[in-house]
Peer 1: 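The structure follows.
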Amino acid sequence: MTYSDPILTVQAISKRFMGRGGCVDVGFDLWPGEVLGIVGESGSGKTTLLNCLSGRTTPDEGVVLYRGRDGEMADLHAMSEPRRRLLMRTDWGIVHQNPRDGLRFGVSAGANIGERLMAVGARHYGAIRGTAADWLGRVEIDGLRIDDRPSTFSGGMQQRLQIARNLVNGPRLVFMDEPTGGLDVSVQARLLDLLRRLVREMHLACVIVTHDLGVARLLAHRLMVMKEGRVIESGLTDQVLDDPHHPYTQLLVSSVLPA
Amino acid sequence: MTAATLRLSAQALCKTFTLHVQGGVSIPVFNDLSFEAHAGRCVALAGPSGAGKSTLLRSLYGNYLPDSGHIRLWHRKDWVDLTQAQARTILEIRRETLGHVSQFLRAVPRVSALDVVAEPLLALGVDEESARRRAAELLARLNLPERLWNLAPATFSGGEQQRVNVARGFAPNYPILLLDEPTASLDAKNRRVVVDLIAEAKSHGAALVGIFHDQEVRDAVADDIFEVESYKEPVA
Amino acid sequence: MPEGYNFAYLDEQTKRMIRRALLKAVAIPGYQVPFASREMPLPYGWGTGGIQVTASVIGPGDILKVIDQGSDDTTNAVSIRRFFSKTAGVATTERTIDATIIQTRHRIPEHPLHEGQILVYQVPIPEPLRWMEPRETETRKMHALADYGVMHVKLYEDIARFGCIATSYNYPVLVHHRYVMAPSPIPKFDNPKMDRMPALQLFGAGREKRIYAVPPYTSVKSLDFEDYPFEIQRWDQPCALCGAADTYLDEVITDDVGTRLYVCSDSDACQERQKGAA
């Protein structure tokens with residue numbers, strides 16, 4: 001694979017619900033190491049798009065092509081379920097807005113991190129636990145908490161645990177749905193800093209849905225602005241935010257309360 | 001100044017802001033603007049406040065998108081048009097070729113001053129130790145007290161933030177460097193450090209474009225003066 | 001045999017339906033086959049699944065043994081044994097080696113089973129993935145794709161919490177290198193007996209309407225970790241009645257001051273040994 005090959009190619013994705021809502025005619029390429037931000041208000045189709053991209057919803061039209069480690073492009077929605085599931089736990093990660101959707105609350109932090117390893121055949125308890133402890137450290141959670149359940153963690157820690165659980169086996173593409181939603185500002189900052197570092201160190205490709213333009217500016221290299229299911233403006237993050245052309249983007253940017 | 005020294009060439013740039021939120025009012029900034037920047041030289045953008053100096057500088061960085069015209073940059077031994085380039089190409093250009101010292105530091109929470117300065121070097125693949133050494137060297141030269149190096153600059157004073165910003169811009173030896181009032185909040189001593197840094201960059205063969213409010217600094221660094229004001233009115 | 005009942009209570013149509021499910025279950029070892037479980041004249045949880053399986057495979061020449069936790073004389077075992085002697089008129093026995101069909105709740109007899117015997121398990125919850133995944137649609141997919149990582153999450157959690165795999169009964173197994181299966185709530189002590197057993201093993205879950213099977217001589221492996229291999233329970237003392245040191249023991253409290261006794265849970269095996277010693 002050369003530097004110039006995208007890892008994800010999305011062509012004219014549409015998904016409507018009873019003729020309305022959803023997303024319409026969305027397309028883009030994503031390269032390794034690149035973070036794409038999708039911004040827009042609630043109901044603008046961001047989450048539907050993310051679900052189509054990550055294989056959880058089948059679009060009505062359009063294709064999502066993923067370039068595997070072998071360099072071959074494969075149509076996500078045409079591939080077999082076993083292959084898609086394998087990708088989900090080897091190559092992809094999904095960080096949910098609500099930790100309850102992305103963590104197992106019935107088992108310890110260590111088991112949460114170890115699950116992906118065990119899913120791909122790790123069978124050495126000591127090694128799994130060692131890796132889990134290492135990742136707790138990388139997401140700045142005290143290693144002594146390894147046997148505690150996520151329900152005893154704060155919101156920020158739960159999000160960091162979700163990140164560790166997703167990144168533990170070195171995925172290449174990560175989807176994040178409002179990863180900082182519902183967190184205190186100081187906790188957000190820590191999470192953003194962590195994400196920036198991990199994206200750079202692991203050369204991750206990342207699609208991040210957020211309605212927070214500050215988060216988008218800090219994390220995303222590129223932005224797509226969505227309104228009523230369509231992409232109305234896209235480009236370099238600072239260009240879209242500092243020199244917005246579409247009336248809606250201008251409204252969005254001018255509506256942010258200064259700190 | 002020959003074709004061989006040309007690093008940046010802006011041709012027939014037009015930029016008008018349309019403010020849809022405020023009833024679609026149009027604010028023309030410049031029209032049919034062309035200019036060049038050469039290796040080893042510094043162009044000072046001149047003109048009164050509101051002439052469009054900052055807008056031009058931001059357009060040259062790809063931060064603003066001109067309505068028409070071209071901005072060609074010498075990047076990886078080839079000419080790239082910034083107005084047509086893909087986002088990731090622009091990011092690559094910013095990483096390797098095009099530096100920018102903005103007027104205000106956009107501080108990332110929790111990242112220390114030293115890391116803010118070292119970051120562009122790390123992005124270029126410089127190892128952590130060398131990057132931090134270079135960052136420390138620049139912060140020391142700009143007289144930023146060492147006790148601040150490991151703190152996040154968000155709480156710094158304007159002058160301290162600006163010195164972090166300048167250090168960050170000069171950390172890699174960018175072939176093209178854009179400077180937006182790099183000395184505005186600095187005292188005389190640090191202004192002289194910035195003048196020295198600019199002189200060194202020129203001697204390395206960098207092409208610089210800057211806005212210098214301070215007459216003394218401008219006289220010290222500028223090889224050419226470019227009047228932005230004269231491109232204000234649309235060509236009839 | 002009283003008038004008014006079909007042989008072995010169930011009507012022939014129902015038996016045929018269950019036999020079809022059994023054939024499929026035997027053909028796909030460890031796979032849970034849905035079946036149209038009937039209302040039986042005893043409550044769910046008392047072995048309705050096991051009884052339907054037994055009723056579908058039993059013939060007039062069979063000799064039936066029924067055990068509950070290893071014992072032939074507890075209420076559940078006695079009432080099921082009576083049920084079949086009334087409705088099918090078959091001979092019953094308490095001796096493992098004499099039985100052709102053994103219906104069991106929560107134990108495998110200590111005496112090794114032989115070819116031609118059928119062991120029928122009563123199963124309360126047939127889905128081994130249920131503890132980690134509540135959605136039936138999802139567990140079916142997980143079985144179909146052999147997506148079994150979560151089973152080890154449960155074992156990991158045991159070790160993290162208790163220092164060892166603390167799951168001591170209904171310990172999950174991998175059947176024929178393919179399907180993860182719940183062996184019903186037998187103690188894990190009995191798990192090794194399932195592996196390559198010469199007898200046919202049938203599992204019936206009446207409330208959950210599932211049948212599954214392990215054909216004779218099929219590989220049944222208990223899940224584990226490389227550094228925490230599967231282990232069975234052991235006791236510091238032999239059976240207080242027969243002296244056996246290699247059987248599953250029950251703890252019996254004999255007075256109000258905590259005096260306790262360890263005795264075989266398999267009453268037949270224990271008595272046989274006592275007779276042999278006498």
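Below, chains carry the letters A, B, ... as their sequence lines are ordered, and counting in each starts from 1.
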Peer 1: For the OH atom of Y66(A) and the CG atom of L53(A), what is their distance to the nearest 0.5 Å?
Peer 2: 13.5 Å
Peer 1: Among the options R196(A), E34(A), Q188(A), pick out the one with the most heavy-atom pairs lying under 4.5 Å from chain B.
Peer 2: R196(A)
Peer 1: Please test S9(B) against Q11(B) for side chain to side chain donor-acceptor pair (under 3.5 Å), starting from the C-alpha separation and ending with a verdict.
Peer 2: CA-CA 6 Å; S9(B) 143; Q11(B) 292 155 0; 3.0 Å; yes
Peer 1: Look at L122(B), L65(B), V21(B) and state which one has the largest set of heavy-atom pairs under 4.5 Å with chain A.
Peer 2: L65(B)
Peer 1: Does any pair with a residue in residues 76-97 of chain B pass ring pair (Phe, Tyr, Trp, His ring centres under 6.0 Å), and if so which ones, sequence neighbours excluded?
Peer 2: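 Qualifying pairs: W74(B)-W79(B).
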Peer 1: Side chain, backbone, both or neither: which part of R200(A) has a heavy atom under 4.5 Å from chain B?
Peer 2: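 Interface part for R200(A): side chain.
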Peer 1: Would you call R88(B)-D29(A) a salt bridge at under 4.0 Å N-O?
Peer 2: no
Peer 1: What part of H245(A) is in contact with chain B, defined as an atom under 4.5 angstrom from a non-hydrogen atom: side chain, backbone, both or neither?
Peer 2: both
Peer 1: Within residues 207-222 of chain A, which positions have a heavy-atom distance to chain B below 4.5 Å?
Peer 2: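 Answer by number: R217(A), L218(A), H221(A), R222(A).
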Peer 1: Who among L251(A), L236(A), V240(A) has the most heavy-atom pairs with chain B under 4.5 Å?
Peer 2: L236(A)
Peer 1: Tell me, which pairs form a ring pair (Phe, Tyr, Trp, His ring centres under 6.0 Å) where one or both residues lie in residues 97-123 of chain B, sequence neighbours left out?
Peer 2: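 Output for this query lists Y61(B)-H100(B).
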Peer 1: Nearest heavy-atom pair of T18(B) and S26(B): which atoms, and what distance?
Peer 2: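 Distance-wise, the nearest heavy atoms are OG1-OG, 3.9 Å.
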Peer 1: Below 4.5 Å from any heavy atom of chain A, which atoms of E119(B) appear? Answer side chain, backbone, both or neither.
Peer 2: side chain
Peer 1: Heavy-atom distance under 4.5 Å to chain B: side chain of D193(A), backbone, both or neither?
Peer 2: side chain
Peer 1: Using 4.0 Å as the upper bound for N to carboxylate O, is an ion pair formed by E129(B) and R133(B)?
Peer 2: yes
Peer 1: Using a 3.5 Å distance criterion without hydrogens, assess whether the side chain of R7(B) forms a donor-acceptor pair with backbone atoms of P175(B).
Peer 2: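 The answer is no, because no donor-acceptor pair under 3.5 Å joins these two groups.
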Peer 1: Which residues pass the side-chain contact (heavy atoms from CB on, under 4.5 Å) test with Y174(B), sequence neighbours left out?
Peer 2: P120(B), P172(B), L177(B)
